[in-house]
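Let me begin by presenting the structure, written as structure tokens, before commenting on it.
All heavy atoms count here, side chains included; hydrogens, waters and symmetry mates do not.
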Amino acid sequence: MYMIASVVLNNATRAFDKEYYYLIPMDLTGKIKPGIRVMVPFGAGNRPREAYVIDVFPFNNSSCDERNSYNEYATTIDVSQLKDILRPVDEKPVVDRDMLKLAAWMRERYICTFGDAIKCMYPAGKGAKEKTLKAAYLAVTREEAERMIQDNKLKKIQHIRVLEMLMDNEFIPVCDVTKFAGVSSSVLDTLKKYGLVNYKEVRITRNPLKSRKIRQTQPLVPTPEQAKALDFLKKKLEENRYYECLIHGVTGSGKTEVYLQLIHHAIDMGKEAIVLVPEISLTPQMVERFRERFGNEVAVLHSRLSQGERYDQWSLVKDGHIKVVVGARSAVFAPLKNLGIIIIDEEHEGTYKSETTPKYHAAEIARKRCYEKGAMLLYGSATPSCETYFKAKKGLIGLLELKSRTNNMVMPEVEIVDMRKELEEGNRSVFSRKLQDEIKNNIKLGQQTMLFLNRRGHSSFVLCRNCGYVVKCVGCSINMTYHAYEDRLICHYCGYTIRPPKICPKCKSTHIRHFGAGTQKVEEEVKKQFPGCSVIRMDIDTTTCKNSHEKILRDFCENNINVMVGTQMIAKGHDFHNVTLVGVLAADSLLNLGDYRASERTFQLITQVAGRAGRGDLPGRVIIQAYNTEDFSIQAALRHDFETFFKQEIMIRKKLNYPPFTNIASIILSGANEKQVSETASQVKKDLLKEFCSSETSEGNITEILGPVPAPIKKIMNKYRWRIIIKCEDMEKLIKALTCISDKYCSKTGRRPVELGIDINPFNML
Ligand code: ADP
Ligand code: ZN
Ligand code: ZN
């Protein structure tokens, strides 16, 4: 009898992403377990490759169908052909059997590899047993680096950001540089090639979790609405059966308190919980509320942790010390063994959809995990997505409504200002006269104001008034954005950066200016128009460093800063009691996105932003500025009227055949040669037509294939992009067709002149 392990390669293309069998040498018996990584000799050259052990089983030529195989090709095994496993990489499994099963499901559902799926499930850098890490440091002096940046020698904002980070530190682990600068490690390699950066091995020294004294809080006495919801949900929890439910509660209706008490109940039942929140509402405030209730049984997982901290938190969960995991999207994979409930707060948020392979939605993973475990999946939102609310209305999932705010705080008064009129009447400021008066008044009263704008940077574009020339990125078909603080133009897609031109490159006119206010410009205007007013800005550009957004929030709160200016970041989850005025500049800017969710997002943003005002004892006011004031999403948001908004929106979705009435898949073909891209796109379309034609049923289950046409953003990083959209109600059929296309057009060996990307129900249609 032999011991055999089935493994899948860690870094495989889909063509090689299947189970392979290896013999377990005698001396490794007991060390090779499902879920650990091993090194195996692979291919004709026996090159060592890293692989995951899927299963371990004895083999005597007859028992092979007793185990669950993840791969339909391998049914017979010829032992004489098998090679030996070289050595184990891990001592303990990095993932358990449930997670291996989930990975197998993800592989099919997201048309990715096993390795792609498993990588979502544990923190990177895990297994670096040596306790040393590769770190980067500046290979030149600070002054030299400074000069390089000043003299404009670097053309990529990513290069500049990384250098600036390294200038302030002796060294930083590579994994932390890539994380906090939001870049790939190839950026560091390039800087090394330039001779600006070098690597060394450093020992990891990590501050053990500071065991801060936490004041324990007791559950609040529920309001009648909360009590009704809690009774119902607790009973459901006790049934130990899969159950899915939406809490639709206005902002400040006490949803979080319901989560806390429900989790308490789950813990009493011996179960564990995951709470997902959008990355940016993972503020200290939010985390504190869970820590105060559940103490050290809470782990927090989010992308702003350093690699070391992340690994520590993950280990605590894995070793069974944790009852509640609070985290952003990837926390949905937290390795809790006795999962009883997953809560997804702000269910409608786009940050739950992964933009990189595998392009999963956290709710889909949560649904799968809860289904397997007989657990509860609970969504919460003041502005649920049309998809989720539709299911709730149809009774496919539960629906609970919280209609009043706790302490009966009134909803803020919302007023709209037509900016076209302001312009007609000679006001060229970014602020309407109404908003100016209110800000002034608020400063006088010592109350705080939040100004919200959906555009970071200083101005949206630089335009020549003489000839109409607009400065675009050389590699992307996108206007470059002016950033005043750095006095640079930056491409938000690829990071290419130049100094703003003083004369028009096309007609040599000097009338080249920036237009369209961004957050930096608004910050500047506040300072100019309200002398002596303190102002703070919060957007991606001010929050790339670790803890910086927490610092900004604390600063705003503790120092009673008059005005905060920010992008949608500030629209999320914060509870500032002294904020009584919220201004939304260009509220209609999202409407022109060219995305079927444009109205939904406009409604959500206005409602969420408005919810920031009047969280304390003082009533709040909201002023909305827009050019298109009549749009139904804006009008409904003014009246806090979700029902009416939903009724209209769902009618439009039905008429135009958009989700929830169908599924959408976007196929993007991209490459350097536009002709090749468009030709491949046509070929893909032909193949799709064949695929769908052969499986088309007669029951009017229509599939639409739109395109190929150039994508809304025609070029990114010198690659032309063409898009095909498929609308297909039958998810299984859709995935089957896409898998065929993917396997045909994604090459076995990696790079191809035309690359193909697939996103099912994408959040971003550009
Ligand atoms: P949501 O998550 O719906 O926005 P929160 O749970 O944050 O609402 O509640 C809003 C505010 O109301 C918080 O300050 C919270 O402490 C308070 N609150 C919630 N439930 C109660 C209750 N039952 N009694 C008193 N105050 C409550
Ligand atoms: Zn010009
Ligand atoms: Zn670019």
Side-chain angles (χ1 to χ4, degrees), residues 1-25 28-90 92-122 127 333 357-358 360 365 368 372 735-736 738-740 742-744 746-750:
M1 192 171 70
Y2 303 94
M3 286 306 285
I4 292 186
S6 63
V7 307
V8 289
L9 295 177
N10 188 353
N11 283 305
T13 53
R14 272 195 47 106
F16 291 101
D17 188 45
K18 47 184 130 184
E19 266 182 291
Y20 296 99
Y21 298 98
Y22 284 88
L23 285 173
I24 303 178
L28 293 182
T29 322
K31 289 188 178 150
I32 307 297
K33 292 170 267 193
I36 69 161
R37 287 173 302 172
V38 290
M39 298 305 290
V40 295
F42 192 79
N46 282 335
R47 206 158 65 83
R49 297 276 300 261
E50 193 177 274
Y52 294 98
V53 177
I54 301 299
D55 205 357
V56 172
F57 53 95
F59 187 77
N60 45 21
N61 291 328
S62 64
S63 67
C64 74
D65 30 42
E66 279 169 27
R67 29 169 235 105
N68 36 348
S69 175
Y70 297 104
N71 182 312
E72 67 269 32
Y73 308 112
T75 44
T76 53
I77 303 176
D78 179 0
V79 176
S80 67
Q81 298 293 310
L82 297 187
K83 301 171 193 171
D84 278 0
I85 285 183
L86 297 176
R87 61 180 172 86
V89 173
D90 305 297
K92 284 193 281 181
V94 287
V95 286
D96 65 15
R97 277 179 189 274
D98 286 350
M99 287 308 211
L100 288 173
K101 224 169 126 188
L102 181 65
W105 176 81
M106 286 174 71
R107 181 183 182 277
E108 306 273 302
R109 172 63 179 75
Y110 302 110
I111 316 175
C112 65
T113 66
F114 223 97
D116 289 335
I118 293 183
K119 263 186 214 119
C120 302
M121 298 175 178
Y122 66 88
F333 295 104
T357 307
Y360 68 89
I365 304 292
K368 185 75 187 159
E372 296 291 331
I735 289 175
K736 189 166 155 277
L738 291 171
T739 306
C740 285
S742 170
D743 288 344
K744 176 164 177 194
C746 297
S747 72
K748 289 188 182 174
T749 46

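The side chain to side chain donor-acceptor pair (under 3.5 Å) search around R49 returns none, not counting sequence neighbours. Residues meeting the ring-ring contact (aromatic ring centres under 6.0 Å, His included) test with Y22, sequence neighbours left out: none. For the side chain to side chain donor-acceptor pair (under 3.5 Å) test, no residue two or more places apart in sequence or in another chain qualifies with K31. E50 meets the salt bridge (charged side-chain N to carboxylate O under 4.0 Å, His left out) test with R37; sequence neighbours excluded. Evaluation of the side chain to side chain donor-acceptor pair (under 3.5 Å) rule for N11 yields K119 as partners, not counting sequence neighbours. With sequence neighbours left out, D98 forms a salt bridge (charged side-chain N to carboxylate O under 4.0 Å, His left out) with K373. Remark: Y52 engages no residue in a ring-ring contact (aromatic ring centres under 6.0 Å, His included) (not counting sequence neighbours). Applying the side-chain contact (heavy atoms from CB on, under 4.5 Å) test to L86 and every residue at least two apart in sequence or in another chain returns M39, P41, P48. Considering only residues two or more places apart in sequence or on other chains, N46 meets the side chain to side chain donor-acceptor pair (under 3.5 Å) condition with K83.
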> So I365 and Y110, side chain to side chain contact (heavy atoms under 4.5 Å, CB included) or not? Walk me through it.
Replying inline: CA-CA 11 Å; I365 304 292; Y110 302 110; 4.0 Å; yes

>> Applying side chain to side chain contact (heavy atoms under 4.5 Å, CB included) to D55 and I4, what does each step give before you reach the verdict?
In response: CA-CA 8 Å; D55 205 357; I4 292 186; over 6 Å; no

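Of the inter-residue distances, the one linking M3 atom CE with I32 atom CD1 reads 10.0 Å to the nearest 0.5 angstrom. From I24, atom CD1 reaches atom CD1 of I85 across 5.0 Å, with rounding to the nearest 0.5 Å. Taking CD1 of I54 as the reference point, atom OH of Y20 lies at 12.5 Å (rounded to 0.5 Å).
Salt bridge annotation for K33-D90: absent, with no cationic side-chain nitrogen under 4.0 angstrom from a carboxylate oxygen.
Between the side chain of R14 and the main chain of S742, no donor-acceptor pair closer than 3.5 Å is present.
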